[in-house]
There are 2 protein chains.
Amino acid sequence: MAEPEIRELRYFRAVAEDLNITRASERLGIAQPPLSRAMRALESRLGVALFDRSDPRRISLTEAGETLLKESAQVLDSLDAAVRRTRRAGSQTAALVVTAKPGTATDLLNFVARELRDEPGAPAIQFEVSGFGEQVERVMDGRADLAIIGSPHLDNALAQEVLAVEGRMAALPVGHELASREVLSVADLRGQVFSHRAGQTVAGSNYWSGQRDGRPAGTPVGPVVQDSSQMLEVIALGQAIALLPVTFTQRNLRPDIVYRPVPDAEPYTTVIAWKPGHPSPWIPRYVEAAKRWSGLPR
Amino acid sequence: MAEPEIRELRYFRAVAEDLNITRASERLGIAQPPLSRAMRALESRLGVALFDRSDPRRISLTEAGETLLKESAQVLDSLDAAVRRTRRAGSQTAALVVTAKPGTATDLLNFVARELRDEPGAPAIQFEVSGFGEQVERVMDGRADLAIIGSPHLDNALAQEVLAVEGRMAALPVGHELASREVLSVADLRGQVFSHRAGQTVAGSNYWSGQRDGRPAGTPVGPVVQDSSQMLEVIALGQAIALLPVTFTQRNLRPDIVYRPVPDAEPYTTVIAWKPGHPSPWIPRYVEAAKRWSGLPR
DNA sequence: AGCCCGGCATACCCTGGAGGTATGGCGGAA
DNA sequence: TTCCGCCATACCTCCAGGGTATGCCGGGCT
């Protein structure tokens, strides 16, 4: 009835993930019997059945097991984050790490860095570029402290403040039939725009097949891009269309791509996000400075 | 260089809290030497100095130690939450627990419960009343899943959605000199209203002395109340004034108390809050239902 | 039917490390 | 000086986490 140890949670996660104690034990680098015992010990500690063993040759998760799988992910994440942040705090350069998509928010960061430069004891800002959708993960596991993210981003695991809301433009290859029109609507673009799923950005949402070719649902079929320059290449080649925030289009003018406003597209929201309960007292200061910036005329 | 175990984090927290290994070991129920060793082992695992031992007869926390103290609190909280939620998920009645201040939001909860009653597999709602400011804690440690909170509530450890914003009324004892006026302003009430600090609600913020009588700063001197009925008693006795949301005043008419609008008071915001990353897929459904309610005319 | 195989559980052994006791070192107060 | 408070070191004990060997059970193959 006591409390579980970290090791038990890692073991449980491995078992719950492939629902096979023998394989999980190999992945974990231990023998099968200790793992069997560890799982039974965990169940008796919690006083709850985590596995359904009614079928003697395969196990499945009970409701409680499903709950623990998700909850333990949080525990392990926060432990990783604790270790990373502690190590970072110890290694002299106690900088706050800000992670953002390439090309975004350089002026924001310059502003924030300038705003707090004079504050006594203010940590330096270390800027870091990360790929699409990677920001949330990096903040969650402690590799970064603040993230500049463009919505939509699905979960609400992070605390956040809105910095900017802007309209979208469709990025089309020159010569595209829609390029002749001055204003577009989302209906015109259906099935051709990039979509974000499972941490990947894929050209043309119609390429997402439900169950095509026997692949599991959600497997991308179209080209997958990692950053915005790749995305622009794919667009220039006519393989997809993107709905991009206006400030981005102003910074990425290319001779082979034209931009057209799409007034009815969902607006693009830029938020600054951080892990709830982050230990640094400077987080709110930086967020506040970022919001001052967002109020500025541009 | 490996990862710390839960036990080590609990030990560290105890040591970091009273900065005295000997006393901490007594609190933990173990001898002093093992605790000393455990702390050194933790430091070598993390590869970081957590304690400053330059003064040989007292230890203090390094920057990294301060970081780990705050971060480990999160880890331990999320572990407690994981255990609690798992146990709850296992013990048949897999209800979602909603916690709220007494007297609030009964119609909201009725609405939400009705909205999702027909959904197949929807868990029941178990309503729970908790004292001032206790809601956040209960959600964080897994005893509750959703909280109805009135702002201001300081930290942003929880994800939340705004349900209602309403004006405030000043609650005065009948015969109070201000009761003769029809409309008041916050300036009229300065130093007499209830204030929330350190999880306590205290009558008359002027009773909060900085350092009076040698007590540490922040010690309440005025009466401390646990719930709204106690608060109304204190008001009726003329010991303090409260700034209450209008819907509350409509439900709590008393012959010995009069309410007067205070248009310039900070509005009262009711939010529904939950722990980021909560495993239940029903959380967003319930939040959505609550927002439908908040759009309703009343 | 008989056999083998995949998969989990049980029995038993071994060892590392967590925790205990005893004691030393160090600085400050009396 | 002496004593006290406090942390560190030395050395011992013992348990629990891990390993090996083996059993049980159901299903598929011949």
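Letters A, B, ... mirror the listed sequences (proteins, then strands); counts begin at 1.
Using a 4.0 Å cut-off on heavy atoms, the residues of residues 15-23 of chain B that approach DNA chain D are B/Asn20, B/Ile21, B/Thr22, B/Arg23, listed by number.
Rounded to a whole Å, the CG atom of A/Leu35 is 11 Å from the C1' atom of C/dC8. The nearest whole Å value for the distance from the CD atom in A/Glu26 to the P atom in C/dC8 is 11 Å. The CZ-P distance, from A/Arg40 to D/dA16, rounds to 19 Å in whole Å. Spacing between atom CE of A/Met39 and atom C1' of C/dC8 amounts to 13 Å, rounded to whole angstrom units. Atom CD in A/Gln32 sits about 11 Å away from atom C1' in D/dT22, given to the nearest Å. Atoms CZ (A/Arg53) and C1' (D/dC24) sit 15 Å apart, rounded to a whole Å.
Every residue was checked against the ring-ring contact (aromatic ring centres under 6.0 Å, His included) condition with B/Tyr286, not counting sequence neighbours, and none meets it. Listed by chain and number, the residues in a side chain to side chain contact (heavy atoms under 4.5 Å, CB included) with A/Ala147 are A/Thr99, A/Gln135, A/Val139, A/Ile149 (sequence neighbours excluded). Among residues two or more places apart in sequence or in another chain, the side chain to side chain contact (heavy atoms under 4.5 Å, CB included) test is passed with A/Ala14 by A/Ala24, A/Arg27, A/Leu28. For A/Asp80, the side chain to side chain contact (heavy atoms under 4.5 Å, CB included) test picks out A/Arg10, A/Arg84, with sequence neighbours left out. Here A/Tyr11 pairs with nothing under the ring-ring contact (aromatic ring centres under 6.0 Å, His included) rule; sequence neighbours left out. Taking A/Ala31 as the reference, A/Pro33, A/Pro34 meet the side chain to side chain contact (heavy atoms under 4.5 Å, CB included) condition, with sequence neighbours excluded. For the side chain to side chain donor-acceptor pair (under 3.5 Å) test, residues two or more places apart in sequence or in another chain that qualify with A/Arg143 are A/Asp141.
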**Test side chain to side chain donor-acceptor pair (under 3.5 Å) applied to B/Thr67 and B/Glu63, step by step** = CA-CA 6 Å; B/Thr67 301; B/Glu63 194 67 27; 5.1 Å; no
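At the phosphate of C/dA9, OP1 or OP2 sits under 4.0 Å from a side-chain N or O atom of A/Ser36.
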**Request:** Could you encode protein contacts along nucleotides 11-19 of chain C as a string, one character per nucleotide from 5' to 3', using B for base contact, S for sugar-phosphate-only contact and - for no contact, with a heavy-atom cut-off of under 4.0 Å?
**Result:** -------SB
